[in-house]
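The next block holds one structure in the form of structure tokens; read it before the comments.
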Amino acid sequence: MGYALPAVSNAAKPQTAITPTRADNYQDWYQEVIKAADLAENSDVRGCMVIKPWGYALWENVQRVLDGMFKATGHVNAYFPLFIPVSYLEKEAAHVEGFAKECAVVTHHRLEARDGKLVPVGELEEPLVVRPTSETIIGASFAKWVQSYRDLPLLINQWANVVRWEMRTRLFLRTAEFLWQEGHTAHATSEEAVEETMKMLGVYAEFAEKWMAMPVIQGEKTAGERFPGAVTTYCIEAMMQDRKALQAGTSHFLGQNFAKASDIKFQSDKGQVEHAWTTSWGVSTRLIGGMIMTHADDDGMVCPPRLAPEQVVIIPVVQKPEDRDRVMAYCKALEAELEAQTFAGTPVRVHVDGRDMRGGDKAWQWIKKGAPIRLEIGPRDLEKDAAFMGRRDKGPKEKAGIGRAELVSTIATILQDIQDALYNRALAYRTQFTRTIDTKEEFYAFFADPPKKKESDPTPIHAGFVLAHFNGDPALEAKIKDDLKVTVRCIPIDKAIGGEPGTCPFTGQPSKQRVVWAKSY
RNA sequence: CGGGGCGUAGCGCAGUCUGGUAGCGCACUUGGUUCGGGACCAAGGAGUCGCAGGUUCAAAUCCUGUCGCCCCGACCA
């Protein structure tokens, strides 16, 4: 990796592994972190990304932990088709409206060579849509599976890829194809379905905070932001380092809308035939984008220890060839000792980087990849039975010696300490840029962008979150979106955030509680 | 799809206005010197200048078209 300085260099500025920095150009910084950390790259297919091993390993850890949480709450996995008959999608009016514009459609089933080119032939009688989400195709199965109240609740999850033909894409945050999980459940009563919706929202919030070290606000979406076809949509919202909000997960109470569309009916214990009540909920590879924008810094990625593909990287420092074998042997032995330790329910993930390269280069590669702990071990450490440790939550030069015995016995504590430090830093950041505002003037002033000199200048860092009262009028929300590109991210569930009833600063009308306003991804 | 920016060696870029036959930094290879660490010296390999046409004795450079990427907007997990 090169460290060529930009054309306009600033001598006072410390050298960083990533250029531009977050402050210089946030969007470019984001792309550069992904590249420098080897997380993903753009593919030749427009809008689609290649997730590289380091990025995919993060996703695998997300999957493993979430899957465990889903199982623990009584869900089971299944798999449904990638292709959805167009007629299925047509069944729910709002759903059609929401997704029709971004569907990839399969119309043919064969290719023929003509003039050296392959052309599609064999037109399908009914076109198939590549799933943008699976409510309708899963609903068709549910309709067959459910006859009696004894068949309920039905608690299903699937891990899958989906396609949404987006106009504009960004690695991890919005790609034409992405990986996700979608939970789909059916219940006998509205209450039970609502309870499920909230339970899974809670699972997402817990995962985000405990595992990703990403503080989130749980809340309900306004009508304008609701999932197409849902009765209510709940979400977790996180603040990124450009202070924009990222919707990191959603949980929908679908009422009987999809049950009616897909004919999911059951006979109740009183002998009545009723439509079931359904929910759906999902998180996607967007979470990786959230992790990057929450924790990464001007030296690259910072992986939260609990999800890091490698939690400890051991870098043997060998100056003389004759030292090589014993240093490597020591590193291997330490690796085995550390791997015998447990952190967050799994053996500590340790990697010995024995590549024949300069130690400094190796160290910087792992800094850019965001490995939580680096251990640099040379002949002198062997004599002291110790290692030189660098923590990714601290500066690259802040390294300190630590005895082997202490290191091994406290490794889990250290990893958790880094995990906590990342969470606390992110929470402090969110707190610092969250304001409670009670007048329209202050609200508009807060969100006003400084003027750009040129069209091509980078977008300035945004203002942050505002907690303000709101009368709930969709037209008012639309007006504010128009004026400032600011929307209601959610109506927070937590009373400590939502506060007491008050007055809407835009209309003077009564407001039940404060809502979270921000610019968003 | 509209506005702006940009495609030149693996990466980052200069050269384009004012056509003259391609360069810099990092990375890579080799040799040497260093050695608790994003080293130094020397030599070297690597580019049909996004693609396709056109103008010209001559095109990275001018003209036309086209593809792709990034930013801003509309739309969205």
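Throughout, protein chains are lettered first and strands after them, A, B, ... in sequence-line order, and every chain is numbered starting at 1.
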Throw together a table of side-chain donor-acceptor distances under 3.5 angstrom for residues 160-167 of chain A, partners on residues two or more places apart or in other chains.
| from | atom 1 | to | atom 2 | distance (Å) |
| --- | --- | --- | --- | --- |
| A:N161 | OD1 | A:R131 | NH2 | 2.8 |
| A:N161 | ND2 | A:E177 | OE2 | 2.9 |
| A:R164 | NE | A:P132 | O | 2.7 |
| A:R164 | NH2 | A:P132 | O | 2.7 |

Using a 4.0 Å heavy-atom cut-off across all strands, classify [X] as base, sugar-phosphate, or nothing.
| X | answer |
| --- | --- |
| A:T175 | base |
| A:K362 | nothing |
| A:F178 | base |
| A:T250 | nothing |
| A:I315 | nothing |
| A:E166 | base |

Report the distance from atom [atom1] of [X] to atom [atom2] of [N], rounded to the nearest whole Å.
| X | N | atom1 | atom2 | result |
| --- | --- | --- | --- | --- |
| A:R489 | B:A77 | CZ | C1' | 11 Å |
| A:M357 | B:C26 | CE | P | 16 Å |
| A:D356 | B:U29 | CG | C1' | 13 Å |
| A:R168 | B:A74 | CZ | P | 10 Å |
| A:R358 | B:G36 | CZ | C1' | 12 Å |
| A:I34 | B:C70 | CD1 | C1' | 13 Å |
| A:Y521 | B:C75 | OH | P | 18 Å |

Return no unless some side-chain N or O of A:Q31 is found under 4.0 Å from OP1 or OP2 of B:C71.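 Yes, because at least one side-chain N or O of A:Q31 sits under 4.0 Å from OP1 or OP2 of B:C71.
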Whether the side chain of A:W211 engages the backbone of A:E206 through a donor-acceptor N/O pair (distance < 3.5 Å, no angle test) should be reported.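 Here the side-chain-to-backbone pair does not exist.
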Given the [atom1] atoms of [N] and [M], what is the spacing between them in whole Å?
| N | M | atom1 | result |
| --- | --- | --- | --- |
| B:U55 | B:C13 | P | 34 Å |
| B:G4 | B:G10 | P | 31 Å |
| B:U18 | B:C28 | C1' | 37 Å |
| B:A52 | B:U48 | P | 12 Å |
| B:C17 | B:G50 | P | 15 Å |
| B:U21 | B:U8 | C1' | 15 Å |
| B:C40 | B:A27 | P | 8 Å |
| B:C51 | B:C41 | P | 35 Å |

Nearest-nucleotide wise, let me know which of A:D361 and A:E225 is further upstream toward the 5' end of RNA chain B.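 Result: A:D361.
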List the atom pairs, with distances to 0.1 Å, where a side-chain N or O of residues 212-221 of chain A and a protein N or O form a donor-acceptor pair under 3.5 Å, not counting sequence neighbours.
| from | atom 1 | to | atom 2 | distance (Å) |
| --- | --- | --- | --- | --- |
| A:K221 | NZ | A:E237 | OE2 | 2.6 |
| A:K221 | NZ | A:Q247 | OE1 | 3.1 |
| A:K221 | NZ | A:R489 | O | 2.7 |

Parallel, tilted or perpendicular: rings of A:W159 and A:W59 (30°, 60°):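 Perpendicular.
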Ring geometry between A:W180 and A:F178 (parallel below 30°, tilted from 30 to 60°, perpendicular above 60°):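 Aromatic pair A:F178/A:W180 classed perpendicular.
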Return the nucleotide paired to B:C24: Watson-Crick means purine N1 to pyrimidine N3 with N6-O4 or O6-N4, wobble means G-U with N1-O2 and O6-N3, both under 3.5 Å.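 The answer is B:G12, by the H-bond criterion.
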Mate of B:C51 where both pairing distances stay under 3.5 Å, Watson-Crick or G-U: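 Matched B:C51 with B:G65 under the 3.5 Å cut-off.
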State whether a side-chain donor-acceptor pair under 3.5 Å links A:H252 with A:T233.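 Present: a donor and an acceptor within the cut-off.
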Got a sec? Which of residues 373-384 of chain A come in under 4.0 Å of RNA chain B, heavy atoms?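 Of all residues in residues 373-384 of chain A, the ones placing a heavy atom under 4.0 Å from RNA chain B are A:E376, A:G378, A:P379, A:R380, A:D381.
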Carboxylate-amine/guanidinium contact A:R404 A:D381, below 4.0 Å: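 Salt bridge flag = no for A:D381 with A:R404.
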